[in-house]
**Student:** 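Just dropping this structure here.
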Amino acid sequence: MSGIAGFVGRNHSLARGNVIQEMLGSMNRERACAPAIVSFPEFRLELGWLSPAKPGDDCVCVRDEANDFLILFRGEHFSDDQRAGESANGKEHGNCTATSLLDLYKKLGADLFPKLNGYFSGVIVDRRKDNVVLFNDRYGQGRIYYHDGPDGLYFSSEAKALLKVLPSLRQLDSRSVGEFLSCDCVLQDRTLFRGVSILPAGSAWKLGESGNFEERRYFDPKRWEDQPRLSPERYHESMRKLFPKVLKRYLQSPVGVAMSLTGGLDGRLVMAWSRCEPGDLPCYAFGSCFGETADVRIAGEVASVCKQPYTVFTVEGEFFSQFPGLAEETIRLSDGAMDVTGAAELYVNRLARNIRPVRLTGNYGSEILRSNVAFRPRQIFEPLFDGDLIQAVRQAETTYAEELRGNRRSFIAFKQVPWHHFARSAVEKSQLTVRTPYLDNDLVALSFQAPDADQTNFDICLKLVADGNSELAAIPTDRGVRFGSSRLLNRWRESKERILARAEYAYDYGMPNWLARLDRLLSPFRLERVFLGRQKFCHFRTWYRGRLASYVREILLDPRSLGRPYLCRREVEGAVARHLQGQANFTTEIHKLLTLELTQRLLLEGT
């Protein structure tokens, strides 16, 4: 994986070249990247980066001939500029070049940042203006971790790089752990590690004379919030004109693009307007070991209508033997942000990269276009944890409620995306270049003008599919909804699919303890084949009891794990035993216990 590492000192005599080398080494796990380090003594800046030597590099450093300017850019920027890619010494980023970005900075200065469109992070050094800027995209997907210490500011693409060189940071922050247990993520630009923060979304921090960074934001969400709402008719027409233009940006790549499909509406909208020739946009879906999911079945129909090749990657067989290694890799790749269920995402995305190295998805469509809040605080089994950690879990509910106040779309775009969605995307992006048109600046800006009613917005999206490809609109979504059907019929189908989805959830993650005991008695009938595999391709409740049971015992009943000060030993032993015996359901708790233990071993003790 590519990466960025840097240090800005407050003392002119400090040199950190060896430290930067160590930071880069901690990120260069497969030794597949070429490390580079450059020093700027006048700014007390040491800067390093890793660039994979392959087509579609996503981390490039470019300087001008006079060595007055340097831009280190990691990620992709999407532009409609047809001249992008023509520079002889530029490297492509989406449909733009790093050299063209440097030219833009020379022309625009700090006004460059609001014009950048994509996911990215980077550093600009401007010797003419005595200026250093550390920046990221406005949704915080190009994550930068930092620690502001007495000797200076350390920053990196991965938290583990900071942990490597700063032993004092190798401890969990109890407030953050409480939020992770409750919300599945850490809030307010903090991390699991005490003293390590993340650069807020939309930052362009400028280095001051004292060696401190001025914490500036180049984009204010109110700019979009204050736009007037559009009528359903005007919003539909505006989206109909904009969406094809936006999508074209994300279909361009010199190494080829493939489409990751589900049975949902958002991937369908992409396919309806992609207008690719037969065979030019290979499609795939992720399948369950228990049978054909709705995603697999519907995605196959969509690919067939569009005359594109179609592949299903199923989580089965070798996945279970590889799970221990995949789980550990998930923790390392996400710096503990993604729980061990990310092992399945890692497995299928690793298979998918054999088709094309760029994965186009419908991710964030329901969130951006229909204001879907994807995470909320939830209850955990409190007896497993000590009193201080339970207090942190309860505090997380209050923090979440405070952050949720205000504009719902702003919460989704500028908080939910960088805090919650980052974890899974970090795992996915370790294997492929992942793109989605639904975080395009122009599209998100227009979404803030959508009508208030969620159902209206869903109907508009369904109509947009029909505008692009009427055959695709005739295929029911995974919610059972079909364009052209009466609202009553669609509601009936939707209710049916919702019941089936809830039944699967009740048999899997959401199974109450009394039903777990009954399911154990009925195990000879293998009811999992009746309920599982309809909607989801991961089934960890069953897997923890079966093929992964020995791994759960090995990790969670190890004396090292049971001796963690934030755990109640007897309760953990009891919960693990009851789950594995089929007497209770502790699937979510086992996720969290395994994740925290692996984080402790791999990132804190094994650094």
**Student:** With Ser410, which residues qualify under side-chain hydrogen bond (donor to acceptor under 3.5 Å, both in side chains), at least two apart?
**Tutor:**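 Counting only residues at least two positions away or on another chain, Ser410 forms a side-chain hydrogen bond (donor to acceptor under 3.5 Å, both in side chains) with Glu225.
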**Student:** Phe422 ring centre to Lys429 NZ or CZ under 6.0 Å, with the angle to the axis within 45°?
**Tutor:** no
**Student:** Do any N or O atoms from the side chain of Arg376 and from the backbone of Cys183 form a donor-acceptor pair under 3.5 angstrom?
**Tutor:**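 It does not hold such a pair.
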**Student:** Centroid-to-centroid, Tyr284 to Tyr310, below 6.0 Å?
**Tutor:** no
**Student:** Tell me, please, which residues at least two apart from Leu598 pass side chain to side chain contact (heavy atoms under 4.5 Å, CB included).
**Tutor:** Ala327, Glu328, Ile331, Val340, Tyr551, Leu602
**Student:** Determine, using ring centers only, whether Phe414 and Tyr139 are less than 6.0 Å apart.
**Tutor:**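 Here the rings of Phe414 and Tyr139 have centres that are less than 6.0 Å from each other.
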**Student:** Check the pair Tyr250, Asp440 against side chain to side chain donor-acceptor pair (under 3.5 Å), reporting the backbone distance first and the verdict last.
**Tutor:** CA-CA 9 Å; Tyr250 296 82; Asp440 187 273; 2.7 Å; yes
**Student:** Identify the residue among Asp508, Leu548, Asp339 that makes a side chain to side chain contact (heavy atoms under 4.5 Å, CB included) with Phe540.
**Tutor:** Leu548
**Student:** Step by step, would you call Tyr544 with His539 a side chain to side chain donor-acceptor pair (under 3.5 Å)?
**Tutor:** CA-CA 9 Å; Tyr544 284 153; His539 314 287; over 6 Å; no
**Student:** If we ignore hydrogens and angles and just use 3.5 Å, is the side chain of Arg170 paired with the main-chain N or O of Gln600 as donor and acceptor?
**Tutor:** no
**Student:** Hey, would you say the Phe319 and Trp543 ring centroids sit under 6.0 Å apart?
**Tutor:** yes
**Student:** Ring of Phe320, cation from Arg547 - is the NZ or CZ under 6.0 Å from the centre and inside 45° of the axis?
**Tutor:**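 Flagged: Arg547 positioned over aromatic ring of Phe320.
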**Student:** Got a sec, which residues hit side-chain hydrogen bond (donor to acceptor under 3.5 Å, both in side chains) with Glu318, two or more places apart in sequence or on another chain?
**Tutor:**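 Here the qualifying residues are Tyr347.
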**Student:** Would you check if the side chain of Ser334 reaches a backbone N or O of Ala423 as a donor-acceptor pair within less than 3.5 Å?
**Tutor:** no
**Student:** Hey, does the side chain of Ser561 reach the backbone of Leu557 with a donor-acceptor pair shorter than 3.5 angstrom?
**Tutor:** no
**Student:** Where do Met338 and Thr595 come nearest, in terms of heavy atoms and distance?
**Tutor:**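 Scanning both residues, the minimum pair turns out to be O-CG2, 4.0 Å.
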**Student:** Applying ring-ring contact (aromatic ring centres under 6.0 Å, His included), run through Tyr400 and Phe375 and close with a yes or a no.
**Tutor:** CA-CA 10 Å; Tyr400 176 89; Phe375 79 107; 5.3 Å; yes
**Student:** Report the residues that fulfil side-chain hydrogen bond (donor to acceptor under 3.5 Å, both in side chains) with Ser425, sequence neighbours left out, ordered by chain and then residue number.
**Tutor:**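 For Ser425, the residues satisfying side-chain hydrogen bond (donor to acceptor under 3.5 Å, both in side chains) (neighbours in sequence not counted) are Gln141.
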**Student:** Please tell me whether Phe411 and His420 form a close aromatic pair, meaning their ring centres lie under 6.0 Å apart.
**Tutor:** no
**Student:** Could you work out, with side-chain hydrogen bond (donor to acceptor under 3.5 Å, both in side chains) as the rule, every residue matching Arg424, not counting sequence neighbours?
**Tutor:**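 Result, side-chain hydrogen bond (donor to acceptor under 3.5 Å, both in side chains) vs Arg424: Glu345.
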**Student:** Aromatic ring centroids of Phe586 and Phe381 under 6.0 Å?
**Tutor:**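 So the answer is yes for these two rings.
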**Student:** Restricting to pairs with a member in residues 389-402, which pass salt bridge (Lys or Arg N to Asp or Glu O under 4.0 Å), not counting sequence neighbours?
**Tutor:**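 Listed by first then second residue: Glu382-Arg394.
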**Student:** Check the surroundings of atom CZ in Arg570: do more than 12 heavy atoms from other residues, nucleotides or ligands lie under 6.0 Å from it?
**Tutor:**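 Open.
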